[in-house]
Every structure is written in C-alpha cells, then in structure tokens.
Amino acid sequence: MAKPVEAIESNKRARRRPQRVLPGFGLTLGYTMVYLSLVVLIPLSAVFLRSLGSGLGHFWEVVSAPRVLASLQLSFGASLIAASINVVFGLIVSWVLVRYTFPFKRLVDAMVDLPFALPTAVAGIALTALYAPNGWLGKWLMSLGIKVAFTPLGIVVALTFIGLPFVVRTLQPVLEDLDKEVEQAAATLGASSAQAFARVILPALWPALLTGFALAFARAVGEYGSVIFIAGNMPMKSEIAPLLIVTKLEQYDYAGATAIAVVMLVLSFTIMLGINALQHWALTRHGGR
Amino acid sequence: MKRPLHSSRVLLIAVALTFLGLFLLLPLLVVFAQALSKGVVAYAGAIADPTAWAAIKLTLLVAAIAVPCNLVFGVAAAWAITKFEFRGKSALITLIDLPFAVSPVIAGLVFILLFGSHGWFGGLLREHHIRVVFAVPGIVLATIFVTFPFIARELIPVMQSQGKDDEQTALSLGATGWQTFWRVTLPNIRWGLLYGVLLANARAMGEFGAVSVVSGHIRGLTNTMPLHVEILYNEYNYTAAFAVASLLALLALLTLAGKSFLEWRQPELRHAARQSLDRTRS
C-alpha cells in the first residue's frame, strides 16, 4: 500500500510548483485517495489481515484440503480453456467485424457486448436452460452422448460466454489500425494469405491477443453468477472456488473462506502481472503500439 | 487471387456468426421463450407478484445510490489524473482498476469481514443497532465496490483527449474553478459521462455474486432482482424466474442500445478507453 502514500507525497511536492493553472488538484486527488481507500483498499486489506489473524498453520490446513485444491484447479483450469476458446473465436469475430461487410453487421457488433450487459444470473439460468438434457441444445448434444449442463464442460461454456467481449473489444481497435498495405505488400512479394497472416498480421496482434486473453481469464476465474446454475456444484468435481467461499461463509467458517479468497487474489494478481510483463516484452520487441 | 479470398471470407463470416448465434443470441432468446412459455397471463402474474416488486424497487434504490457515488468519484479521479502531472499516476490508475480483478464473491466477503457480526466493526455496529451486512447498506456497499472503476475508466480517456486548453481559456477570462467545471468541462464530457453511467448502472442492477454474499436473501426485504431470479429458479418456479430475468434482459438490451447511440454520437468513445489508458500509463 506504499503507492497511494507516494501519490500523496508527490501531491505535496507538486503543489509548491508555480506553473499549475487549473484549480482543484488537492481537492480531486484528495477525494480520489480517500474514496479509493475507504471503498477498495481498506476493505481488501481486511482479507489479507484476517487471513494472517488465524495463523499460517490454519491457513495452510484450509488451502491444502483436497476439496479446496480441486476447486482452485477447476476454477483456473476451466478459465484457461475458456479464455483460449475466446482467443480463437474472438480473433475470428473481430476479424470479420473489422474487415468484412455483411447484413446486420452493426447489430452483430453491438451484440458482442451482451455478456457485459446481461446480468450473470440471467446468463446462468439461460445457459442452463439451453444445455440441460431437455434444452434446445442439450437435447441435441445428449443424442451425441455429450453432457454439458451440470458437468465441468458447462462451466467452460458459461466462462466462454462471459469472456468473449474482452477479447473482441481488445482486438478490434488494433485490427482497425493495422495497415492493409502491409499485407498487400506481403502478397505482392509472393506470400500466400496464410503466410501473410502468420508472418505479418499475427505478430502485430500478439500483444492485444495476450491482453484480451488476460482480461477474459481474470474475469472467468472470479466468475460466480453465470457458473453456479450450470455447474452442478458437486464437491471435488464441479465446484468452483468462488462457490466454495460462499459455502464456507454459509457455515460461518470465516477463516476458511478468507484463506481461499487470499489464494485466489494472490494467484490472479500474479497471473495478471505476469501477462502484463509478457505483453510489455512483446510490445518492445515488436515495436508495436 | 480474388476467388480463394472470397471463399475464406464466407467461411470466416459463417464461423463467426454461428459462434455468436450459439453463444449470444440463443441464451437471449431462451430467456424470453421460457418467460412466455406458460402464456402472457402467467408472465404478467410473475412480474406483478409483491416480492418481485419489492426486488425491483430495491434494485432501483441500490443503483440510485451506488451509481451517483461512483459518478462523483469518477469525475474527481479523472480531473486529477488528466489535468495534472504527478508521481504515482500510473499506480493510481492500476489501483482504480483493482475491483475488476477481484471476484464478486470476494467483494462481498470483504464487507462481511468488516461489518459482519464477527467483523472488525461488528461489535460497534451492534451497540448502535445498525445493520450493514444482511441489510440494504451492505448491498449498496458491495455494489459500489464492483462498479467502482466504470465511470472513472470511461472519463479518463475522454478528458485526456480533450486536454486542458478550454479550461485554461475559461480561467484566464476570469471564470472561477467551479464555473469552469460546470460550464466548460461538464458539457465537453457529457457523452463520456453518460456512457460510464450507463455501463455502471447495468452492472449495479445486474450484480449477483457480491450482493448474494451480503444480502442474507430475505424475501421482500434484501432481495434484488438477480437474487429474486435465483430464489425462484431454485424453487423450480422457472416461468416466474425467467419472467423476472426477462426484465433484466430487457435492461441489458436497452443498455446496449444506449451504448450504440452514444458511440454513434461520439465515435471516440468506442475504442478510446484502452488506447488512452495506455497513453496515461506510459
């Protein structure tokens, strides 16, 4: 939590500088810091402090329990698969939306944001109704011997739904800025369209693909509402980590819930930082935007 | 040269539309199909139910408190970040985005740890007979937490791209700081502001995980619309669950329509967010 202090310090220093014309720096930054601390920083630090409160031994005992490990593995594993599916189809969708014209394109483009706008509980019951054994899609998949609802596969479906806009909206602006001339140059030099894609387009998209992946992944790991209806929620099989937190809270096991929360927070912050670093590396290496 | 390109184009469009149809359109359609499956009378009955009404009112109340709180914060944060240079600015922007990286369930847990009966302030609240957790204040707090970054995030790039020339001119012509803000800055950022409010409101009204943890699920008292949907669904009252869900789906469609309208009014809103955030970060 050293960074806000740093910002306040720089605030003090900056105020002494004379060339500032606009008023309100102290007021707005002060209010920002107070509100940020009250709403986000202090509440979040409560999780970490409470987990220390019950001792490291207890923390380890909770976290290493097979049921907890299974739920963490499921949450991170299913999110990884869903984010990967989103990268593939998000690339196709954003490519089609940027490069081609077809009827109702604007409507389709607006629809991509549906998972942002549709409440997760609604998405959850809708997907369950679709993929349940008697649902529109479930019936058909059942005849192929594929069970989606109430299995880990259902979790992947829900996480794919909520993650899609992150990839598309990250890729679109980059694709729009990508010079078509570069591809045409590659084509005149004798490259096939597949070669042009792999050698010219993909390297330029790579940072945006990673960012979209990271955003979709981060959202998926913590997702609760859309998953719990379709998951079946069987311990050790289809129980995601956020659900286990809720279960422990309902049993008044605050220390247990807090321990899982700390692991989730640390893991997702670490992964986000790692991918940010990777993205930074890709940006400097390819000299992209 | 032309023909293979054309066939790959048709194929790619078909793949994209099939994927979007399966993953976006069908879930939306199924909500309305299920809601109306027992006829319009059953649908109207489910929505006219008093507990459904209580849930609708609570959802509106929570959004009416949470969104303005984050609106004031968003304007203040964007003003500080875009009009001034200071050390730690990129760290501040990262911290503002922090709630996006936190699971909604953890957002709810946080307020249980602070204000629950065994929480840091639990004893104090009990002495003064104030209920936060399993009551409306807890729901509001959890909603403020999950919608915290929305408005700031949309405003920062908008104000960044507008610079501070207009404000400096107003000030040099003798306007006070507040006059400058109300008459110059606010009109300039109105579309961006609405855009942020729209997105924050959709999330505030639709939030499930965080609110579910702090609500206590007391029917007619602490159930928001998404929680009401869950209760009805778990009671196998599917028609009623989907009827209430269809109202939320309509809200989502209205939000998307409003979003498209604002993007049409001000095309920079569309992609400005990420690019400018990167610029302020670097």
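First the proteins, then the strands, lettered A, B, ... as listed; each starts at 1. Because the structure is a prediction, the values reported are computed rather than measured.
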Open item on the list: With heavy-atom distances below 4.5 Å as the criterion, would you say the side chains of B/L17 and A/F102 are in contact?
Closed with: yes
TODO: For A/R106, look at atom CZ and say whether over 12 heavy atoms of other residues, nucleotides or ligands are found less than 6.0 Å away.
DONE: no
- [ ] Give the minimum heavy-atom separation between A/A121 and B/P226, together with the two atoms involved.
- [x] CB-O, 4.1 Å
Task: Interface moiety of A/I228 toward chain B, non-hydrogen atoms closer than 4.5 Å - done: side chain
TODO: If the plane angle is over 60° it's perpendicular, under 30° parallel, otherwise tilted; pick one for B/F19 and A/F89.
DONE: parallel
Open item on the list: What part of B/V30 gets within 4.5 angstrom of chain A, counting heavy atoms only: side chain, backbone, both, or neither?
Closed with: both
TODO: For each of B/A249, B/S172, B/A257, B/A245, tally heavy-atom pairs with chain A at distances under 4.5 Å, and name the one with the top tally.
DONE: B/A245
Open item on the list: Pair A/M111, B/L28 - check side chain to side chain contact (heavy atoms under 4.5 Å, CB included), show working.
Closed with: CA-CA 10 Å; A/M111 279 289 292; B/L28 192 63; 4.2 Å; yes
Open item on the list: Would you compute the distance between atom CG of A/L29 and atom CD1 of B/I81 and round it to the nearest 0.5 angstrom?
Closed with: 8.0 Å
Task: Option in B/E263, B/R203, B/H118 with maximal non-hydrogen atom pairs under 4.5 Å from chain A - done: B/H118
Task: Contact leader toward chain A among B/C69, B/G21, B/A241, where contacts are heavy-atom pairs under 4.5 Å - done: B/C69
- [ ] Evaluate the side chain to side chain contact (heavy atoms under 4.5 Å, CB included) criterion for residues B/V72 and A/Y35: first the C-alpha distance (whole Å), next the side-chain angles of each, then the deciding distance (0.1 Å), finally the verdict.
- [x] CA-CA 10 Å; B/V72 173; A/Y35 190 78; over 6 Å; no
TODO: Please flag which part of B/F145 lies under 4.5 Å from any non-hydrogen atom of chain A: side chain, backbone, both or neither.
DONE: both
Task: Side chain, backbone, both or neither of B/L171 within contact of chain A (heavy atoms, under 4.5 Å) - done: side chain
Task: Proximal component of B/F23, with respect to chain A [non-hydrogen, under 4.5 Å] - done: both
- [ ] Could you please spell out the steps behind the side chain to side chain contact (heavy atoms under 4.5 Å, CB included) verdict for B/L98 and A/F269?
- [x] CA-CA 9 Å; B/L98 206 57; A/F269 289 161; 3.8 Å; yes
- [ ] Please state whether the side chain, the backbone, both or neither of A/L243 comes within less than 4.5 Å of a heavy atom of chain B.
- [x] neither
Task: Side chain / backbone / both / neither for B/L248 at chain A, heavy atoms under 4.5 Å - done: both
- [ ] Using non-hydrogen atoms and a 4.5 Å limit, figure out which bit of B/L12 sits close to chain A: side chain, backbone, both or neither.
- [x] both
- [ ] Would you mind checking which part of B/L251 comes under 4.5 Å of any heavy atom in chain A, side chain (CB onward), backbone (N, CA, C, O), both or neither?
- [x] neither
- [ ] Would you mind checking which part of B/F111 comes under 4.5 Å of any heavy atom in chain A, side chain (CB onward), backbone (N, CA, C, O), both or neither?
- [x] side chain
Task: chain B contact via A/Y252 - which portion, at a heavy-atom distance below 4.5 Å - done: neither
Open item on the list: Distance check, rounded to the nearest 0.5 Å: B/E207 atom CD versus A/T120 atom OG1?
Closed with: 6.0 Å
Task: Contact origin within B/A33 toward chain A - heavy atom pairs under 4.5 Å - done: side chain
Task: Contact origin within B/Q34 toward chain A - heavy atom pairs under 4.5 Å - done: side chain
- [ ] Would you please classify the geometry between the A/F25 ring and the B/F84 ring as parallel, tilted or perpendicular, with 30° and 60° separating the classes?
- [x] tilted
TODO: Any chance you could measure A/F161, atom CZ, to B/L24, atom CG, to the nearest 0.5 Å?
DONE: 6.0 Å
Open item on the list: Please classify the contact between B/L114 and chain A as side chain, backbone, both or neither, with a heavy-atom cut-off of under 4.5 Å.
Closed with: side chain
Open item on the list: Would you compute the distance between atom CD1 of B/I13 and atom OG1 of A/T101 and round it to the nearest 0.5 angstrom?
Closed with: 7.0 Å
- [ ] Output, in order, the C-alpha distance, side-chain angles, deciding distance and verdict of side chain to side chain contact (heavy atoms under 4.5 Å, CB included) for B/N70 and A/V39.
- [x] CA-CA 10 Å; B/N70 286 335; A/V39 175; 5.7 Å; no
Task: Segment of A/V221 engaging chain B (4.5 angstrom heavy-atom cut-off) - done: neither
- [ ] Taking all non-hydrogen atoms of both residues into account, name the closest pair between A/L130 and B/P27 and its distance.
- [x] CD1-N, 3.6 Å
Open item on the list: Can you tell me how far apart CH2 (B/W79) and OG1 (A/T32) are? Round to the nearest 0.5 Å.
Closed with: 12.5 Å
Open item on the list: Heavy-atom cut-off 4.5 Å, strictly under: side chain, backbone, both or neither for B/T180 against chain A?
Closed with: neither
TODO: For A/R50 and B/L113, work out which heavy atoms get closest and say how close.
DONE: NH1-O, 3.5 Å
TODO: Give the member of A/V108, A/L97, A/T128, A/L118 that has the highest number of heavy-atom pairs under 4.5 Å with chain B.
DONE: A/L118
Open item on the list: Just verifying a value: how many Å separate B/I112 CD1 and A/L249 CG, rounded to the nearest 0.5 Å?
Closed with: 5.5 Å
Open item on the list: I need the single residue from A/L36, A/V40, A/L44 that forms a side-chain contact (heavy atoms from CB on, under 4.5 Å) with B/L95. Which is it?
Closed with: A/L36
Open item on the list: I need the minimum non-hydrogen distance between A/A117 and B/A202, along with the two atoms involved.
Closed with: O-CB, 4.5 Å
Open item on the list: Taking side chain as everything from C-beta outward and backbone as N, CA, C, O, which of these in A/T258 sits under 4.5 Å from a heavy atom of chain B? Side chain, backbone, both or neither.
Closed with: both
TODO: Looking only at non-hydrogen atoms, find the nearest pair between B/A76 and A/T28 and report the distance.
DONE: O-CB, 3.3 Å
TODO: Search all heavy atoms of A/G222 against all heavy atoms of B/P104 and return the closest pair with its distance.
DONE: O-CD, 3.3 Å
- [ ] Check each atom of B/L198 against the heavy atoms of chain A and say whether the ones under 4.5 Å are side chain, backbone, both or neither.
- [x] neither
TODO: Measure distances from A/I260 to the heavy atoms of chain B and classify the residue's part below 4.5 Å as side chain, backbone, both or neither.
DONE: neither
